[in-house]
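Comments concern the structure below.
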Amino acid sequence: MCPEQIRDHARETTMSEHDEPATYDVRAAQDKWLPVWDRLQPFRADDDSPREKKYALTMFPYPSGDLHMGHAEVTALHDVIARYWWQRGYEVLNPMGWDSFGLPAENAAIRNDEHPATYTYANIETQYESFRRYGISFDWSRRLHTSDPEYYRWTQWLFLKFRERGLAYRKNSPVNWCPNDQTVLANEQVVDGRCERCGAEVTKRELTQWYFKITEYAQELLDELDNLEATWPARVVAAQRNWIGRSEGAHVSFAIDGRDEPVTVYTTRPDTIFGTTFMVIAVDSALADDLVTDAQRPAFEAYREEIRKETEMERLSTDRPKTGVDLGVTATNPVTAEQIPVWATDYVLADYGTGAVMGVPGGDQRDWEFATEFGLPIVRTTQTPDDWEGEAFHGEGPAINSPAPGAAAPLDINGLGVADAKRATIDFLEQRGSGTGAVNFRLRDWLLSRQRYWGVPIPVIHCAKDGEVAVPYDQLPLELPELRGADLKPKGVSPLAAAEDWVNVECPTCGGPATRDSDTMDTFVDSSWYFLRFCSPGYTDGPFDVAKANAWMAADIYVGGVEHAVLHLLYARFFTKVLRDMGMLEVGEPFAAQLNQGFVINQGKKMSKSLGNGVNLGDQLAEFGVDAVRLTLVFAGPPEDDIDWADMSPAGSLRFLQRAWRLSGDVTSAVGTSPEGGDVALRRVTARTVHDAAELVEAYRFNVVIARVMELVNATRKAIDSGSGPADPAVREAAEAVAVLLSLVAPYTAEEMWERLGHQPTVARAGWPAVDPALLVEESVVAVVQIQGKVRARLEVSPDISEADLEQLALADADVVRAIDGREVRKVIVRAPKLVNVVV
RNA sequence: GCCCCGGUAGCCCAACGGCAGAGGCAGUGGUCUCAAACACCAUCCAGUGUGGGUUCGAAUCCCACCCGGGGCACCA
């Protein structure tokens with residue numbers, strides 16, 4: 001298609017014979033209503049409103065370039081809910097801001113030899129203008145940016161408060177390192193051994209870093225998911241449960257030959273302890289280093305060196321042979337008193353449990369492979385099923401060899417099922433003082449230090465004499481030094497460390513020479529509390545006004561991408577719980593309900609530059625207008641499903657909007673005319689549509705709402721053209737309902753309709769149409785008569801017909817009599833007023 | 001391997017355990033036009049992934065399997 005042939009749908013205005021425009025000018029409408037809305041400020045949330053409050057939250061974006069299809073989809077869906085609440089008479093808080101710290105700005109700054117703020121704030125302005133034209137009902141007076149000093153001042157304040165409570169601490173440990181971005185990564189940011197952001201293979205480094213003690217809240221974070229199950233997407237709840245990864249088992253102490261301290265292992269299967277034929281320790285743990293004998297040290301260190309060179313990718317591949325080194329010491333099985341060898345290996349993780357595991361090859365496949373590799377004995381402790389052909393068996397079955405036949409042991413669990421055997425073993429260990437029941441979590445503490453510039457400086461000073469010293473609260477915000485371009489190039493240490501004027505300071509305690517912490521915070525810290533700041537964005541006496549936060553929180557809906565299922569959502573939940581424990585919040589969960597939108601894809605594939613299948617939002621908006629694009633995204637299907645743009649028809653959406661708009665021009669009755677006495681059939685459709693639309697919006701079934709509005713438009717069109725005519729007050733009632741319902745998704749079209757119907761702006765605050773309950777009851781319904789489940793007749797009956805009357809009527813019907821054909825009626829099921837089923 | 005979600009016309013999607021179709025896209029036929037595009041009007045189209053079960057009656061509930069999407073995974 002050559003460019004001249006591309007039709008300009010949005011601008012097109014055709015005239016009918018009566019000089020009555022058949023379509024309205026989409027672009028002119030956009031230009032016309034934006035200033036009106038600016039003047040009316042219909043979506044400004046009033047903290048002191050007597051109306052019931054609703055908090056409609058959608059994930060704030062990172063300012064990279066202009067808005068794209070993904071932003072368009074999530075905000076269009078979100079806006080249906082926010083605008084619906086306004087129409088229903090709630091006071092709605094619907095704020096927006098930017099998550100404006102982060103790596104892309106820093107990389108752009110290096111590329112262009114400029115300050116990251118230049119890129120950041122230019123993009124924010126671009127996105128802000130696009131959002132405005134896109135007509136989302138945001139309260140712009142509450143706009144915030146996490147990179148503003150007046151915002152990150154409070155991020156630093158919260159960090160210091162967390163630190164005072166022992167929830168922010170430094171420790172030295174092997175951490176995930178992205179060699180490309182030259183910074184550490186949280187566990188959550190490593191996906192399949194690669195950096196979530198850039199895809200580089202992640203390696204390990206031994207570093208001293210800041211952590212948030214999220215593990216202290218692991219149990220509560222898990223427990224509260226039960227209460228969120230009804231209102232959060234199942235996949236998010238499942239993902240968080242998986243990530244927290246609670247397991248129940250026992251700590252068991254093994255005495256070590258020639259060492260005072262025993263070694264404690266964590267196991268989920270204490271009942272298999274009789275099958276423990278060796279012990280394995282994480283090779284990269286301090287414990288392994290401590291246990292190894294002088295004779296074995298050279299072999300151990302060589303092995304450890306070999307392992308350190310591996311990337312995460314290599315370590316995670318499960319199909320390679322097991323490796324390890326004998327540490328040269330022996331441990332004593334506390335139940336059998338047997339001496340077993342102690343090995344170091346890389347298949348045991350240093351930072352989970354105790355970093356040491358009892359090797360039970362009969363019950364654990366990894367141990368089986370290790371035992372096979374090194375010729376260690378294998379003892380089964382659970383009876384395998386008759387048809388078992390596998391190796392290690394971890395299923396249900398009676399305990400065997402516990403103890404082995406003929407062997408003497410102070411404990412005997414033979415014959416017990418797994419659960420009973422576990423309990424008996426733990427009881428025994430507890431009595432002996434060599435073990436205890438224990439719970440473990442997969443969740444690790446949250447590594448928050450980043451060796452980059454464009455983030456929140458960690459407000460701590462390191463002094464040779466006083467150690468870690470907090471920057472005094474009255475010196476916050478601790479602002480970033482002015483660095484740009486080449487200063488920001490990744491060097492493996494934070495660029496802040498090289499800013500000598502900034503990093504060298506006097507110790508606040510002793511006045512001696514000291515240095516600032518040169519790392520910045522993970523940007524997930526910024527987004528863990530922004531929804532609280534929105535409740536009082538200008539507040540200067542704390543991160544937020546406690547009374548206002550308590551008035552608005554929790555958010556009644558949080559709309560956003562499922563890619564944040566564990567990261568952001570888990571961190572935000574953690575922050576909320578800590579703030580509650582600090583007495584600053586009443587709620588312990590930030591998001592009462594949640595909705596995840598799907599992706600916008602094209603031709604069955606994710607949009608990408610390399611595939612060349614990207615759909616540009618700006619082009620779509622220019623061609624079809626804001627309303628048609630929004631309508632297309634909302635109508636496409638259930639919100640959580642992916643939308644394939646190739647299957648969609650924004651032109652069809654625009655056609656529908658024009659059809660709807662045309663109704664408003666056809667209405668001839670005066671504004672304010674009572675619908676009483678209007679065509680009852682149409683009034684019923686209107687009432688039913690308005691009534692059902694409310695339920696459908698609340699169930700997030702926006703696509704069905706649109707379908708129902710289309711039906712209403714069709715019914716109204718018919719009434720005008722071939723029914724009661726344009727002067728019927730029922731037609732006005734219907735057209736006005738269409739305008740209000742459309743205001744949830746097509747604000748410009750709805751406003752045009754509302755004006756043409758003789759009303760003042762803005763339709764967005766017109767209020768939900770009143771529904772006469774009498775109109776929801778049908779005058780007559782069609783009852784279906786089935787013979788053997790097949791429909792044989794239809795009867796028009798009153799909706800409140802009795803079952804007996806309906807049965808009688810059905811059996812008397814000529815078609816029914818013919819269908820029964822003299823056979824004996826064995827049973828008649830009657831479901832008045834809809835159905836009769838005759839069984840013969 | 002374990003756990004979640006989903007399979008309905010050519011396509012996107014509807015359907016309190018009760019007539020499989022609400023809406024849209026595409027298609028087809030008309031109206032308009034010198035002709036076409038746009039627009040408008042009309043119309044065609046499946047028995048619900050497979051196999052069992054429960055029920056008077058199953059797209060819907062239960063079981064198994066297949067396919068697709070997602071989460072966790074050397075976490076002891």
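From a predicted model like this one, the values you see are computed outputs, not experimental measurements. Residue numbers begin at 1 in each chain, while the letters A, B, ... track the order of the sequences.
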Sugar-phosphate only, base, or nothing, as touched by A:R241 at under 4.0 Å among non-hydrogen atoms: nothing

Polar side-chain contact A:N837-B:C56 base: donor and acceptor under 3.5 Å: yes

Protein-nucleotide distance (A:D647, atom CG; B:A9, atom P), rounded to Å: 14 Å

Short side-chain N/O contact from A:S247 to OP1 or OP2 of B:A76, under 4.0 Å: yes

Phosphate OP1/OP2 of B:C19 contacted by A:R831 side-chain N/O (<4.0 Å): no

A:V379 side chain near A:F274 side chain, heavy-atom distance below 4.5 Å: no

A:K322 NZ/CZ over A:F374 ring centroid, <6.0 Å and within 45° of normal: no

Any A:Y347 side-chain N or O less than 4.0 Å from OP1/OP2 of B:A76: no

Proximal nucleotide (of B:A76, B:C72, B:C25) relative to the A:D364 side chain: B:A76

Side-chain N or O of A:R708 closer than 4.0 Å to phosphate OP1/OP2 of B:G23: no

A:N703 vs B:A14: side-chain N/O to OP1/OP2 distance below 4.0 Å: yes

Listed partners of A:V562 passing side-chain contact (heavy atoms from CB on, under 4.5 Å), at least two apart: A:R235, A:V236, A:A565, A:N596

Closest nucleotide among B:C72, B:C4, B:A76 to the A:A234 side chain: B:C4

Of the listed nucleotides B:G18, B:C56, B:G23, the one nearest the side chain of A:N714: B:G23

Where the chi angle of B:G51 falls, syn if within 90° of 0 and anti if not: anti

B:C13 OP1/OP2 closer than 4.0 Å to side-chain N/O of A:R701: no

Donor-acceptor pair under 3.5 Å, A:Q365 side chain vs B:G1 base: no

Nucleotide nearest A:A707 (side chain, heavy atoms from C-beta), chosen from B:A39, B:C41, B:A22: B:A22

Closest to side chain of A:F635, choosing from B:C74, B:A76, B:G23: B:G23

Residues A:Y24, A:T749; criterion side-chain hydrogen bond (donor to acceptor under 3.5 Å, both in side chains); working and verdict: CA-CA 9 Å; A:Y24 74 95; A:T749 310; 2.5 Å; yes

Minimum-distance nucleotide (side-chain atoms of A:R659 versus B:C72, B:A76, B:C41): B:C41

Proximity to the side chain of A:R655 - top-ranked nucleotide from B:G24, B:A76, B:C40: B:C40

Nearest-neighbour nucleotide for the A:P638 side chain, B:A73, B:G24, B:A14 considered: B:A14

